[in-house]
Protein chains: 2
Amino acid sequence: MANTQDSLSLTFSALADPTRRAILTRLARSDATVGELGEPFDMSAPAISKHLRVLEGAGLIAREVDARWRICRLRAEPMHDAHDWLEAYRRHWEDNLDRLVEFVEQTHRADAKKPGKGAPRVPRKKP
Amino acid sequence: MANTQDSLSLTFSALADPTRRAILTRLARSDATVGELGEPFDMSAPAISKHLRVLEGAGLIAREVDARWRICRLRAEPMHDAHDWLEAYRRHWEDNLDRLVEFVEQTHRADAKKPGKGAPRVPRKKP
DNA sequence: CTGTCGATTAACCAAGTGGTTAATTGACGA
DNA sequence: TCGTCAATTAACCACTTGGTTAATCGACAG
């Protein structure tokens, strides 16, 4: 389990599992013990432990010992970086939406001419 | 390679690899052939092919055949969902920042009293 | 028809992932 | 001191992942 990945990869990788996302969602409500976190899932305690280790490794949670309980706390900062990375693509998904709308409109008035400005049709070099 | 995962998991999982993120970044500039996409990486063609398959499986790219070239096009829509999911946590990473600032300020004027409103210190039930 | 080029598929491999059960640790309460 | 409870570690398993090389496919140019 020696992970020398960049933090963005660690973050996305940690978020790629539904169980872990659900755990984070639960933690967004309030801190919780490992037992409380695992309770909703039909899964053994060690499995939950491993998920928590992954989340901790990505810096998405912190654990604090309280007697024989481990209190887990959400640390959302790494999500900020992921969010920022995605933000850079906003223009693209909005563009695609625009193009879809445009296409539907065009189709609707049965004006099937001109391919629209769309994505710059890649000019293929054919040697 | 039979994947029956939810699309959010597929998206995050696809984004968890630096090579794939770099490919997406390249595609944000313009469409490109598989060869063009692979050129920056010290990696065999089949390896690139596999990465592209993962991206396609997550709906993050589309491929279109042009003679013997495969033109890859960015499809950013799935990022929108991921972005939205993360957005729900914005409050938390901003809160954490606030708390950090607060902590630093407190420490600075050496006023170590009152624990601050912080995260609601989890009330442990000790039976 | 044949050679070549872009790309994919096939077969393989090492390492990682997500889960299990059994054993271990550490902090109580009786 | 002893039993119990929260949680983790150890050992194991099946499957996936990220990479490799070798072989294949399809579209062209001579």
Side-chain angles (χ1 to χ4, degrees), chain A residues 1-6 9-23 27 31-58 60-73 122 124-127, chain B residues 1-6 9-24 27 31-58 60-73 122-127:
Chain A
M1 277 185 176
N3 239 334
T4 19
Q5 297 201 301
D6 62 293
S9 296
L10 282 176
T11 303
F12 280 131
S13 176
L15 295 179
D17 185 283
T19 303
R20 286 194 294 262
R21 286 200 305 279
I23 289 176
L27 283 178
D31 298 355
T33 66
V34 173
E36 287 165 350
L37 288 176
E39 186 267 330
F41 306 101
D42 184 19
M43 200 176 294
S44 66
I48 299 294
S49 237
K50 285 190 181 184
H51 281 305
L52 293 179
R53 180 199 303 287
V54 172
L55 289 171
E56 195 175 31
L60 286 163
I61 66 168
R63 264 137 146 187
E64 164 186 342
V65 181
D66 176 6
R68 52 184 155 170
W69 290 275
R70 267 70 165 185
I71 317 289
C72 299
R73 190 171 64 255
V122 69
R124 205 90 311 278
K125 52 172 185 238
K126 304 187 183 179
Chain B
M1 275 185 177
N3 239 335
T4 19
Q5 296 201 302
D6 62 295
S9 295
L10 282 176
T11 304
F12 280 131
S13 174
L15 295 178
D17 184 282
T19 302
R20 287 194 295 262
R21 286 199 306 277
I23 289 176
L24 292 173
L27 284 177
D31 296 357
T33 66
V34 174
E36 288 165 349
L37 288 177
E39 187 266 330
F41 306 101
D42 183 20
M43 201 178 293
S44 67
I48 299 293
S49 238
K50 286 190 181 186
H51 281 305
L52 293 178
R53 179 198 302 287
V54 172
L55 289 171
E56 195 174 31
L60 286 164
I61 67 169
R63 264 135 144 189
E64 164 186 340
V65 180
D66 178 4
R68 52 183 153 170
W69 289 273
R70 267 70 164 185
I71 317 289
C72 299
R73 191 172 63 257
V122 70
R124 205 90 311 277
K125 53 171 184 241
K126 303 189 184 178

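This is a predicted model, so every value here is computed, not measured. Every chain is numbered from 1 and lettered A, B, ... according to where its sequence line falls, protein lines coming before strand lines.
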Take A/Pro46 and B/Met43, find for each the nucleotide of DNA chain D with the closest heavy atom, and name the residue whose nucleotide sits nearer the 5' end. A/Pro46
Looking only at D/dG19, C/dT8, D/dT20, the nucleotide nearest the B/Lys50 side chain is D/dG19
Atom CG of B/Asp66 and atom P of C/dC5: how far apart are they, to the nearest Å? 19 Å
Please report the distance, rounded to the nearest Å, between CD1 in B/Ile71 and C1' in C/dG6. 11 Å
Below the 4.0 Å mark, does C/dG19 have OP1 or OP2 next to a side-chain nitrogen or oxygen of A/His51? yes
Could you check how far CD of A/Glu64 sits from P of D/dA6, rounded to whole Å? 19 Å
Calculate the interatomic distance between A/Arg53 atom CZ and D/dA7 atom C1'; express it in whole Å. 12 Å
When you get a sec, tell me which of C/dT8, C/dG6, D/dG19 is the closest nucleotide to the side chain of B/Trp69? C/dG6
Measure distances between side-chain N and O atoms of A/Arg68 and base N and O atoms of C/dC28, and say whether any donor-acceptor pair falls under 3.5 Å. no
Kindly indicate, with the supporting measurements, whether the criterion side chain to side chain contact (heavy atoms under 4.5 Å, CB included) is fulfilled by B/His51 and B/Phe41. CA-CA 12 Å; B/His51 281 305; B/Phe41 306 101; over 6 Å; no
Let me confirm one number: the CG-CG distance from B/Leu24 to B/Leu55, rounded to the nearest 0.5 Å. 5.0 Å
With the threshold set at 4.0 Å, does a side-chain nitrogen-carboxylate oxygen contact exist between A/Asp17 and A/Lys50? no
Expected output is a numbered-order residue list: members of residues 15-23 of chain B with a heavy atom under 4.0 Å from any atom of DNA chain C. What is it? none
Could you state the atom-to-atom distance from CZ of A/Phe41 to C1' of C/dT20 in whole Å? 18 Å
Nearest-Å distance, CG (A/Leu52) to P (D/dT8)? 7 Å
Shortest non-hydrogen contact from A/Thr33 toward A/Trp69: CG2-CD1, 3.7 Å
5'-most contact on DNA chain D: B/Arg70 or B/Asp42, nearest heavy atom basis? B/Asp42
If I take atom CD1 in residue A/Ile61 and atom P in nucleotide D/dA7, what distance separates them, rounded to the nearest angstrom? 12 Å
Between B/Ala58 and B/Leu10, what is the shortest heavy-atom contact and its length? CB-O, 3.7 Å
Look at the side chain of A/Arg20 and the backbone N and O of A/Leu15, then say whether any donor-acceptor pair between them is shorter than 3.5 Å. no
To the nearest 0.5 Å, what is the distance between CD1 on A/Ile61 and CD1 on A/Ile23? 7.5 Å
Taking for each residue the nucleotide of DNA chain C with the nearest heavy atom, is it A/Ser44 or B/Ser49 whose nucleotide lies nearer the 5' end? B/Ser49
